[in-house]
Amino acid sequence: QVQLVESGGGLVQAGDSLRLSCVASGISFNRKAMGWFRQAPGKEREFVAAITYTGSNTRYADSVKGRFTISRDNAKNTLYLQMNSLKVEDTAAYYCAADRFNYRTAPRGADEYASWGQGTQVTVSP
């Protein structure tokens, strides 16, 4: 079965960096666009970043553009999110997700993704 396992979350101070990882199994990882989403308490799940199946194109939410970088290693079936200059408002549970279909560009909508990880918590203190 499909498994997406995130890691790398934690408690950091504003201005610090973290790198999240998501290891995929049970899917043809190199055929799937992948995305990162986040959800803060009491808020809707929101798009953070996405990457095409080859890694050649990426897209970001305006709130993280210039601070976060999404990347992937298809040889390791692993997706990454490098987060720099973290802000208190970045505090959320972060989820990786695999595209519903193969060979697509990097979609922004959560309903475009069929498989989700369990999430990893990122907490940024002032």
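These figures come from a predicted structure and were not determined experimentally. The figures here come from the full heavy-atom set of this structure, side chains too, leaving out hydrogens, waters and symmetry mates.
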Undergrad: With rounding to the nearest 0.5 Å, note down the distance linking CG in Asn77 to NZ in Lys32.
TA: 12.5 Å
Undergrad: Any chance you could measure Gln121, atom CD, to Thr91, atom OG1, to the nearest 0.5 Å?
TA: 7.5 Å
Undergrad: Over all heavy atoms of both residues, which pair between Leu79 and Ile51 is shortest? Give the atoms and the distance, please.
TA: CD1-CG2, 3.7 Å
Undergrad: Ring centroid separation for Phe37 and Tyr95, is it under 6.0 angstrom?
TA: no
Undergrad: Using only atom types and a distance under 3.5 Å, with no angle test, would you say the side chain of Arg19 pairs donor to acceptor with the backbone of Gly8?
TA: no
Undergrad: With rounding to the nearest 0.5 Å, note down the distance linking OG1 in Thr78 to CE in Met34.
TA: 9.5 Å
Undergrad: Not counting sequence neighbours, which residues clear ring-ring contact (aromatic ring centres under 6.0 Å, His included) with Phe68? List them please.
TA: none
Undergrad: Carefully, step by step, assess Met83 and Val122 under the rule side chain to side chain contact (heavy atoms under 4.5 Å, CB included).
TA: CA-CA 10 Å; Met83 305 186 294; Val122 173; 3.8 Å; yes
Undergrad: To the closest 0.5 Å, what do you measure between CZ (Arg72) and OG1 (Thr58)?
TA: 12.0 Å
Undergrad: Tell me whether Leu18 shares a hydrophobic cluster with Val48, the cluster being built from Ile, Leu, Val, Met, Phe, Trp, Tyr side chains joined at under 4.5 Å.
TA: yes
Undergrad: Does Arg45 form a side chain to side chain contact (heavy atoms under 4.5 Å, CB included) with Trp116? I'd like the steps, not just the answer.
TA: CA-CA 12 Å; Arg45 186 170 296 191; Trp116 294 81; 3.0 Å; yes
Undergrad: Would one find more than 12 heavy atoms of other residues, nucleotides or ligands at under 6.0 Å from atom CD of Glu89?
TA: yes
Undergrad: Show me the donor-acceptor pairs, under 3.5 Å and distance only, between side chains in residues 20-28 and residues at least two apart or in other chains.
TA:
none

Undergrad: Answer yes if Trp36 and Val12 sit in the same cluster of Ile, Leu, Val, Met, Phe, Trp and Tyr residues linked by side chain heavy atoms under 4.5 Å apart, and no otherwise.
TA: yes
Undergrad: Say you draw a straight line from CG of Leu4 to CD of Gln118; how long is it, rounded to the nearest 0.5 Å?
TA: 9.0 Å
Undergrad: Test your reading of the model: is there a side-chain donor-acceptor pair from Arg108 to the backbone of Tyr60, 3.5 Å cut-off?
TA: yes
Undergrad: Could you pull out all residues at least two apart from Tyr94 that satisfy side-chain hydrogen bond (donor to acceptor under 3.5 Å, both in side chains)?
TA: Arg38
Undergrad: Show the nearest heavy-atom pair for residues Pro107 and Thr105, with the distance to one decimal.
TA: CD-O, 2.8 Å
Undergrad: How many angstroms lie between atom OG1 of Thr52 and atom CD1 of Ile70, to the nearest 0.5 angstrom?
TA: 9.5 Å
Undergrad: Quick check: does any side chain N or O of Arg67 sit under 3.5 Å from a backbone N or O of Ser85, one acting as donor and the other as acceptor?
TA: yes
